[in-house]
Amino acid sequence: MVEFSAMKSILATLVFALIPVSAQASMNPNTPPRDTHTFSNPQSITVTHVDLDLAVNFEKKSLEGTATLDVRRVVPGSGPLILDTRALQIGRVEASENGRAWADAKFKLGNVDQILGASLTIDVPAKVKKVRITYASSPSASGLQWLEPSMTAGKKSPFLFTQSQAIHARSWIPLQDSPKVRVTYTARIKTPADLFAVMSAENDANLEGPRDGDYTFRMRQAIPSYLIALAVGDIAFKPMSRRTGVFAEPSVVDAAAAEFNDTERMMVAAEKLYGPYRWGRYDILVLPPSFPFGGMENPRVTFATPTILAGDKSLVALVAHELAHSWSGNLVTNATWNDAWLNEGFTVYVEGRIVEAVFGVNQAKMEAVLGRQVLQENIDNLEERDETLYGQFDGRDPDDSFTQIPYEKGALFLRHLEQAFGRARFDKFLRGYFDHFGFGSITTSEFEAYLKTNLLDKDPAAAATVPVQEWIYKPGVPASAPKPQSDAFAKVEAAARPWLDGAAPASSIDAKAWSTQEWQHFLKNLPQNLGTAKMAELDAAFGFTKAGNSEIAFEWLRLSIRNEYTPAYERLEQYMVQIGRRKLIRPLYEDLVKTEAGKKLALEIYTKARPGYHPLAVGTVDAIVGWGK
Ligand code: BES
Ligand code: ZN
C-alpha cells in the first residue's frame with residue numbers, strides 16, 4: 001500500500017516533469033505563473049546584487065566595463081547561472097568564491113530570439129559567490145538612446161539615457177531581467193569630464209557639486225531590474241524642497257523647478273494615504289524631447305518628457321503618476337508582464353487620489369473622464385483577448401501589453417471596489433496591501449487571494465456588487481462599472497453647442513477660463529468631419545495651430561489630419577520631428593496613413609524624424625508606415 005502510493009507520486013512527478021513549465025503553472029494553482037520573458041533561472045540560483053563599473057563612450061555609442069553579480073544558490077549543487085542579454089558583446093566571464101581570487105568561467109551565448117535576446121549560460125562551481133562579466137553594449141541597444149548635441153536643448157554636449165522597462169535592461173547589463181528578481185546595486189560610471197551622471201540610486205556627489213566625470217551610486221533597497229536607470233549629459237540640479245528637486249539641462253532647469261514645485265505636496269498627500277515614502281529623495285530628471293515615454297518611475301529619480309512643461313502646471317498629473325509608482329510598482333511589483341495592471345492600474349488609481357488631494361476633486365474628475373474615453377477608444381480597437389486585466393503576452397513583446405487596459409481599466413476596477421466598500425475601508429485595505437507585499441513582486445493570483453481575505457470576505461454583500469473575476473479575466477468593462485462624470489465638461493459641451501449648431505461664431509464660445517483638460521475634452525469630442533471652414537474659424541478664434549501645450553496641440557493636429565486642414569501641416573511636421581514621445585506621435589502617424597496623401601506625408605515627415613527617435617519609437621513607427629517595405 002505504502003509502496004503503491006509512493007510509486008504513484010513518483011510517477012506523477014515524472015509525468016509532471018515532462019510538461020513544459022508554463023503549462024504546469026496554469027495546472028497547479030499553487031505554482032505562480034512563471035515569467036516567460038526571461039531566460040534566467042532565479043528559482044535555482046538568484047542574483048542578489050549588481051555592481052557596475054562602466055565607461056560611457058560617446059564616440060563608439062557604447063557602455064564598456066564590467067558587471068559583477070552576487071549570486072545565491074536556491075537549489076544546492078553546481079548548475080549553471082543563466083542570464084539575459086541583448087546584443088551585448090561579452091569579452092570575458094570570471095567567477096569567485098570570495099571576491100578576491102577570480103578564475104575564468106566557461107560561458108555560452110544562446111541563439112538570438114527576436115523578443116527576448118540571447119541567454120548567457122555560465123558554469124559556476126557550487127561555492128561561487130560572485131560572477132564578473134566584462135562586456136560592451138551595442139550602439140543599437142534597445143534600452144539606450146545616444147543623442148547628438150543637436151538633439152539637446154544646449155546643442156553643445158551629447159546625451160545618453162536608458163529606458164529599461166519592460167525587458168531592455170538586458171541590452172545594457174547582463175542580468176536576470178525579470179521583475180520577480182530584486183537586486184540592490186552599486187555603480188561607478190565614468191563620463192567625459194564636463195558631463196554629469198544620474199542614476200536611480202543614491203548619488204555620491206553633492207547634487208549641485210563639481211562635475212569631474214567619475215561618479216558612484218548606491219541603491220540599498222532591492223529593486224527589479226527594469227528600474228535600473230542611467231542618464232548622462234550636461235545636467236544641472238535645482239532643489240525644490242528638502243527631499244525633492246529637478247535635474248535638467250541648464251537652460252531647462254528653472255522652468256522645470258517652477259512647473260513641478262507642488263511635488264512635495266504630492267508626496268505628503270500620498271504618504272498620508274499609503275504610508276511613508278520609502279526611497280529617501282524624489283527628484284525629477286527632465287530629458288530631451290526624444291524620450292519615448294511621458295515618464296518613467298525610476299526609483300529616487302523619475303525620468304520625464306519635457307512635453308509636460310506647459311508653463312501652467314496643467315500636465316503635472318504625470319508627476320503624480322510616477323510618484324505613485326513609489327508604492328504601486330516600485331514597492332509592490334508585478335511578478336510578470338502579464339500582471340502589468342498591478343503596476344499601472346493601481347498607479348492610475350493612486351495618481352487620481354494624489355491629484356484630488358492636491359488639485360481638488362474637479363480636476364481628478366476631469367482626468368477620470370478623459371481616461372474613460374481613451375479606454376473606450378482602445379477597447380473599440382483591441383482584440384478581445386487583449387482586453388483582460390490579466391494579460392496574455394507569453395510569446396509576445398511585453399512592451400505591447402501597455403495599452404489603456406492595464407492603466408484605465410485597472411484603475412476603474414479599483415474605483416469600483418472603492419465605491420462598493422467605501423473610501424475608508426478601501427484606503428485601509430490598500431495601505432495594508434502596500435505594507436504586506438512591500439519590496440516584493442506578486443502575481444495577479446496573489447493579489448486575488450489577498451483581496452479575498454482582506455476585503456471581499458469581510459463584507460460579502462458589498463463584494464457581491466463587484467464582479468471581480470469578470471474584471472480580471474473577461475474582455476470589455478463590466479456593466480456595473482463606475483461611470484466617471486465631470487460638471488466642468490458638461491459646461492464645456494453647453495458652451496460649444498450654439499457654435500456647433502451654426503447659431504453663433506466660434507469667437508463667442510466663452511473659453512477664457514478653460515483649463516487644458518477642458519480644451520482636451522472640447523477638441524476630443526468635436527465631430528470628426530468638421531470641414532476646413534469651421535477648422536479655420538476655430539483656429540482664428542483660439543490659435544490652436546500655434547498652441548504651446550503639447551496635449552492641446554496633439555488633439556488639434558489629429559483633427560487637422562482628419563479634416564485635411566493644411567494650414568496646420570507645417571506645425572504637424574515640426575511637432576513630429578521634435579517630439580519622440582510615443583503617446584503623442586503614434587496616433588498622428590496612424591491617422592495619417594489612413595489616406596494615400598496622408599501616407600505620403602507621413603513618410604516625408606518620418607524620413608526627417610526617424611534619425612532622432614528612440615529605438616522603441618522607431619520600432620513602433622516603422623510598423624505603422626511600413627518603413628523599408
Ligand atoms: N512605467 C510607465 C512607462 C512604461 C510603460 C515604460 C511600459 C515602458 C513600458 C510609466 O509609469 C507610465 O505609465 N508613463 C505614462 C504616463 C502616465 C501619466 C500614464 C507615459 O509615459 O505616457
Ligand atoms: Zn505608470
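Note that ligands are numbered from 1 as they come in the structure, with each ligand's atoms numbered from 1 the same way. Residue numbers count from 1 along this sequence.
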Worksheet item: Does ligand 1 have an atom that lies less than 4.0 angstrom from a heavy atom of Q163?
Response: yes

Discussion item. Between W146 and F159 (judged by ring centroids, cut-off 6.0 Å), do the two rings come close enough to count as a pair?
Written reply: no

Discussion item. K583 versus ligand 1: do any nitrogen or oxygen atoms come within less than 3.5 Å of each other?
Written reply: no

Fill in: Per-atom contacts, ligand 1 versus G294 - under 4.0 Å to a heavy atom
20 (C), 21 (O), 22 (O)

Worksheet item: For H321, what is the atom name of its N, O or S atom nearest to the Zn ion (ligand 2)?
Response: NE2

Worksheet item: Should K409 and W471 be marked as a side chain to side chain contact (heavy atoms under 4.5 Å, CB included) after you check the CA-CA gap, both sets of side-chain angles, and the distance that decides it?
Response: CA-CA 8 Å; K409 183 177 171 182; W471 271 110; 3.8 Å; yes

Worksheet item: Should the pair D283-R300 be classified as a salt bridge under the 4.0 Å nitrogen-to-oxygen rule?
Response: no

Worksheet entry | the Zn ion (ligand 2) to nearest N/O/S of E297 below 2.8 Å | no

Worksheet item: Do any N or O atoms from the side chain of W341 and from the backbone of I405 form a donor-acceptor pair under 3.5 angstrom?
Response: no

Worksheet entry | Atoms of ligand 1, numbered as shown, that sit under 4.0 Å from any heavy atom of Y407 | 2 (C), 5 (C), 12 (C), 13 (O), 19 (C)

Worksheet item: For ligand 1, which atoms sit closer than 4.0 Å to a heavy atom of E322?
Response: 10 (C), 11 (O), 12 (C), 14 (N), 16 (C)

Fill in: Steps toward side chain to side chain donor-acceptor pair (under 3.5 Å) verdict (H325, E344)
CA-CA 8 Å; H325 273 304; E344 297 301 345; 3.1 Å; yes

Practice prompt. Could you tell me whether R372 and E408 make a salt bridge, using a distance below 4.0 angstrom between a side-chain N and a carboxylate O?
Written response: no

Practice prompt. Kindly give the atom name of the N, O or S atom of E344 closest to the Zn ion (ligand 2).
Written response: OE1

Worksheet item: Nearest protein heavy atom to atom 6 (C) of ligand 1, by residue and atom, and its distance?
Response: Q165 OE1, 3.2 Å

Worksheet entry | Pair D435 + R278, salt bridge at N-O below 4.0 Å | yes

Discussion item. Just to be sure I read this right, does ligand 1 sit under 4.0 Å from the backbone of F293, its side chain, both, or neither, counting only heavy atoms?
Written reply: both

Discussion item. Looking at R353 and E367, is any side-chain nitrogen of the basic one under 4.0 Å from a carboxylate oxygen of the acidic one?
Written reply: no

Fill in: Any N/O pair G295/ligand 1 closer than 3.5 Å
yes

Worksheet entry | Proximal ligand 1 atoms for H325, defined as those under 4.0 Å from one of its heavy atoms | 11 (O)

Worksheet entry | Ion pair R218/E202, N-O distance below 4.0 Å | no

Practice prompt. May I ask you to list the atoms of ligand 1 that are less than 4.0 angstrom from any heavy atom of E297?
Written response: 1 (N), 2 (C), 10 (C), 11 (O)

Practice prompt. Can you spot which of W327, F413, Y433 makes a side chain to side chain contact (heavy atoms under 4.5 Å, CB included) with F346?
Written response: Y433

Item to complete: Look at ligand 1 and say whether Y226 reaches it with a heavy atom at a distance under 4.0 Å.
Response: no

Item to complete: Just let me know how H321 lines up against ligand 1, side chain, backbone, both or neither, with a heavy-atom cut-off below 4.0 Å.
Response: side chain

Discussion item. Out of all atoms in ligand 1, which are within 4.0 Å of some heavy atom of E344? Include the element for each.
Written reply: 1 (N), 2 (C), 11 (O), 13 (O)

